[in-house]
Amino acid sequence: KNEVEQSPQNLTAQEGEFITINCSYSVGISALHWLQQHPGGGIVSLFMLSSGKKKHGRLIATINIQEKHSSLHITASHPRDSAVYICAVNQGAQKLVFGQGTRLTINP
Amino acid sequence: KAGVTQTPRYLIKTRGQQVTLSCSPISGHRSVSWYQQTPGQGLQFLFEYFSETQRNKGNFPGRFSGRQFSNSRSEMNVSTLELGDSALYLCASSSTSGALEQYFGPGTRLTVT
């Protein structure tokens with residue numbers, strides 16, 4: 001079993017829909033990250049969380065430390081949100097452990 | 001501030017050859033981490049360098065090595081290339097070792113034929 005599990009692996013939705021991507025982890029962490037990767041490979045850090053909830057524009061990230069679970073929500077989704085979303089956790093110091101990613105496709 | 005830069009962006013090598021990839025961190029950042037991304041294994045941590053010293057290492061064979069220079073630029077070397085080394089190699093910089101927030105470069109796509 002992977003230390004970081006994401007669901008779903010693939011998600012296709014229509015423009016405007018509310019999107020939820022889930023991440024569960026089985027190890028102790030110091031922080032959890034949500035990353036976005038567009039075709040071509042570059043990775044952008046969306047959020048870093050150690051507790052509670054963060055919001056940036058149409059993106060919301062939450063974390064429940066007791067349940068070892070985090071969610072990334074996208075409101076009013078748009079085709080430009082199409083990307084791979086990756087959950088990663090800091091497992092001590094610098095080392096990041098990654099989920100397998102969720103491929104999101106938003107159709108117009 | 002300029003972001004993290006990686007060179008080259010694309011590379012094609014033959015089995016058995018060696019390759020060196022370069023990463024220049026954000027100005028003022030002293031920690032550089034390297035990651036390998038493949039379709040089968042996803043993203044995996046290779047190693048981290050801080051102040052010219054390797055601080056952490058992932059579970060990769062000794063063919064994978066790296067170094068960091070006094071200006072914080074880092075290089076990663078893979079010797080005796082195998083087909084399975086074909087991957088996107090990403091580096092990320094942070095202000096110090098142990099800093100939780102990392103900034104990723106665009107990656108170097110290595111193809112081994």
Side-chain angles (χ1 to χ4, degrees), chain A residues 1-10 21 23-52 54 56 61 63 65 70 72 83-104, chain B residues 3-6 8-11 21 25-26 29-51 53-60 68 74 86-111:
Chain A
K1 190 179 189 299
N2 292 333
E3 293 170 314
V4 181
E5 296 272 359
Q6 283 185 240
S7 63
Q9 288 190 319
N10 293 282
I21 300 170
C23 175
S24 296
Y25 54 92
S26 58
V27 295
I29 67 169
S30 43
L32 181 142
H33 304 255
W34 281 103
L35 310 171
Q36 181 192 57
Q37 186 173 33
H38 279 283
I43 288 179
V44 174
S45 179
L46 298 173
F47 295 103
M48 183 177 71
L49 293 160
S50 53
S51 65
K54 286 190 177 180
H56 185 251
I63 187 169
I65 297 293
S70 175
L72 176 68
V84 175
Y85 292 84
I86 302 168
C87 172
V89 300
N90 283 100
Q91 192 182 4
Q94 202 75 358
K95 180 182 176 183
L96 280 175
V97 179
F98 299 87
Q100 287 294 94
T102 295
R103 185 173 300 277
L104 175 65
Chain B
V4 179
T5 58
Q6 291 187 245
R9 293 292 311 279
Y10 303 91
L11 203 49
L21 313 181
I26 291 171
H29 283 192
R30 295 171 60 199
S31 173
V32 173
S33 297
W34 287 90
Y35 301 91
Q36 181 198 61
Q37 186 178 34
T38 60
Q41 298 297 318
L43 273 158
Q44 293 182 284
F45 172 77
L46 278 157
F47 30 63
E48 182 221 349
Y49 284 87
F50 175 76
S51 291
T53 302
Q54 188 180 87
R55 299 294 294 265
N56 289 291
K57 190 176 190 307
N59 189 24
F60 278 82
Q68 188 180 35
S74 177
S86 295
L88 180 69
Y89 290 89
L90 291 149
C91 79
S93 79
S94 57
S95 56
T96 186
S97 183
L100 298 176
E101 190 149 28
Q102 298 182 35
Y103 298 83
F104 286 84
T108 294
R109 188 164 296 281
L110 171 65
T111 302

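Keep in mind that this is a model prediction, so the values were computed, not measured. Keep in mind that the numbers below use all heavy atoms, side chains included, and drop hydrogens, waters and symmetry copies.
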Against chain A, label B/R55 side chain, backbone, both or neither, depending on which of its atoms sit under 4.5 Å from a heavy atom there.
neither
Side chains of B/Q37 and A/I86: does their closest heavy-atom pair fall under 4.5 Å?
yes
Is there a side-chain contact between A/I43 and B/L43, using heavy atoms and a 4.5 Å cut-off?
yes
Minimum heavy-atom separation for B/Q102 to A/S45, with atom names?
O-CB, 4.3 Å
If you take all heavy atoms of B/E101 and A/M48, which pair is closest and at what distance?
N-SD, 3.8 Å
Please assess A/L96 against B/E48 for the test side chain to side chain contact (heavy atoms under 4.5 Å, CB included), listing each intermediate value before the final yes or no.
CA-CA 11 Å; A/L96 280 175; B/E48 182 221 349; over 6 Å; no
Tell me, please, which residues at least two apart from B/Y89 pass ring pair (Phe, Tyr, Trp, His ring centres under 6.0 Å).
none
Is it the case that atom CD in A/Q9 sees more than 12 heavy atoms from other parts of the structure closer than 6.0 Å?
no
Mind checking ring pair (Phe, Tyr, Trp, His ring centres under 6.0 Å) for B/F104 and listing every partner two or more places apart, or none if nothing turns up?
B/Y35
